[in-house]
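Here's the structure, in structure tokens; my notes come after.
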2 protein chains.
Amino acid sequence: MRPFLHPAAETLDLPRVLHALSDPARLEMVRRIAAAGELTCGALGVDRPKSSMSHHFRVLREAGVIRTRVAGAVHLNALRTEDIEGRFPGLLAVVLGGT
Amino acid sequence: MRPFLHPAAETLDLPRVLHALSDPARLEMVRRIAAAGELTCGALGVDRPKSSMSHHFRVLREAGVIRTRVAGAVHLNALRTEDIEGRFPGLLAVVLGGT
DNA sequence: TCCATAGTTCGTATTTTATCGAACACCAGA
DNA sequence: TCTGGTGTTCGATAAAATACGAACTATGGA
């Protein structure tokens, strides 16, 4: 399997991050990951086909919003809180707080 | 000509707003409007066909990011600063500050 | 080694978005 | 009322995003 792509913190692109967050499903995913700290795909509780979930994880990951690490048979996803906050201060508060 | 659609402040939708801002051209438009206070389409200085500009204005307007008012022969566009700030505090600072 | 579980990748269909020329609507001033 | 400047709408096309079944990879445990 291909290694995951995680853009460097300095190269995070605002339009790209905003686009990743502009999908309701992904926004919900981000909120749940933020609340839990680290989550596997399955533990998210979003009822969608695996391939769809995988797609959304990829968009978030390649925009630099989440980081995915392999832990045995599962993939753990965490918010790149510090990287995002360092580059776009305040953005996470908006996204995690907003209704 | 059809009247402009401006969603009520309370109905602003975060995913929709983020989507409107996730296009580099629109993000640039928003920054210039913010810097100038109020701008006509032509005064934006973005070198694109009029129909393309009109499209982007519409996306921003219908997401609730800008308000368009008719002043004689021109259309003046302004950021809906208070409405956005009221609903998504901190978002504008991120968008206007971020590189 | 076989099996179940977790998740990715591929292929494709569908939908949405972006782009832009051309025609149109509106206003102001000559 | 004609004309030039502004900007919108329409229509067509192209590009991008979404959705998801099926096949595949990788891991841990029986």
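In what follows, chains carry the letters A, B, and so on, assigned in the order in which the sequence lines appear, proteins first and then strands, with residues in each chain numbered from 1.
OP1 or OP2 of C:dA18 sits under 4.0 Å from a side-chain N or O of B:Arg26. For A:Ser52, a side-chain nitrogen or oxygen approaches OP1 or OP2 of D:dC20 to under 4.0 Å. Close to D:dA19, at under 4.0 Å from its OP1 or OP2, lies a side-chain N or O of A:His56. Between C:dA18 and B:His55, a contact under 4.0 Å exists linking OP1 or OP2 to a side-chain N or O. Checking the phosphate oxygens (OP1, OP2) of D:dA19, no side-chain nitrogen or oxygen of A:Ser51 falls inside 4.0 Å.
Closest contact between the side chain of A:Val59 and the listed nucleotides D:dT18, C:dT8, D:dG7 involves D:dT18. Listed nucleotides: D:dG7, C:dA18, C:dC20. Nearest to the side chain of B:Lys50: D:dG7. Taking the side chain of B:Pro49 as heavy atoms from C-beta on, and the options C:dC20, D:dC20, C:dG7, the nearest nucleotide is C:dC20. Counting only heavy atoms from C-beta on, B:Arg48 has its side chain closest to C:dC20 among D:dG5, C:dC20, D:dT8.
For the pair A:Met53 CE and C:dT8 P, the interatomic distance rounds to 10 Å; values are reported in whole Å. Atom CG of B:Asp23 and atom P of C:dT16 are 18 Å apart (whole Å). Rounded to a whole Å, the NE2 atom of A:His75 is 12 Å from the C1' atom of C:dT9. Per the geometry, CZ belonging to B:Arg61 stands 12 Å off P belonging to D:dG7, to the nearest Å. In this structure, the CZ atom of A:Arg69 is 17 Å from the C1' atom of D:dA26, given to the nearest Å. Per the geometry, CG belonging to B:Asp47 stands 13 Å off C1' belonging to C:dC20, to the nearest Å. Rounded to whole Å, the distance from CG on B:Leu5 to P on D:dT8 is 13 Å. In this structure, A:Met29 atom CE and D:dA19 atom P are separated by 11 Å, rounded to whole Å.
Across the interface with DNA chain D, nearest-nucleotide mapping of B:Leu76 and A:Ser22 shows B:Leu76 to be the residue nearer the 5′ end. Both A:Gly72 and B:Arg58 lie close to DNA chain D; mapped to their nearest nucleotides by heavy-atom distance, the more 5′-ward contact belongs to B:Arg58.
More than 12 heavy-atom neighbours from other residues, nucleotides or ligands sit within 6.0 angstrom of CZ on A:Arg32.
Linking ILVMFWY side-chain heavy atoms closer than 4.5 Å, directly or via other members, places B:Leu44 and B:Val30 in a single hydrophobic cluster. Cluster membership check: A:Leu14 shares its hydrophobic cluster with B:Val46, using side-chain heavy-atom separations under 4.5 Å among Ile, Leu, Val, Met, Phe, Trp and Tyr.
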Exercise for review: Decide salt bridge (charged side-chain N to carboxylate O under 4.0 Å, His left out) for A:Asp83 and A:Arg80; before the verdict, give the C-alpha distance in whole Å, the side-chain angles of both, and the deciding distance to 0.1 Å.
Suggested key: CA-CA 5 Å; A:Asp83 291 341; A:Arg80 291 180 61 178; 2.9 Å; yes

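Ring pair B:His75/B:Phe4: centre-to-centre distance below 6.0 Å.
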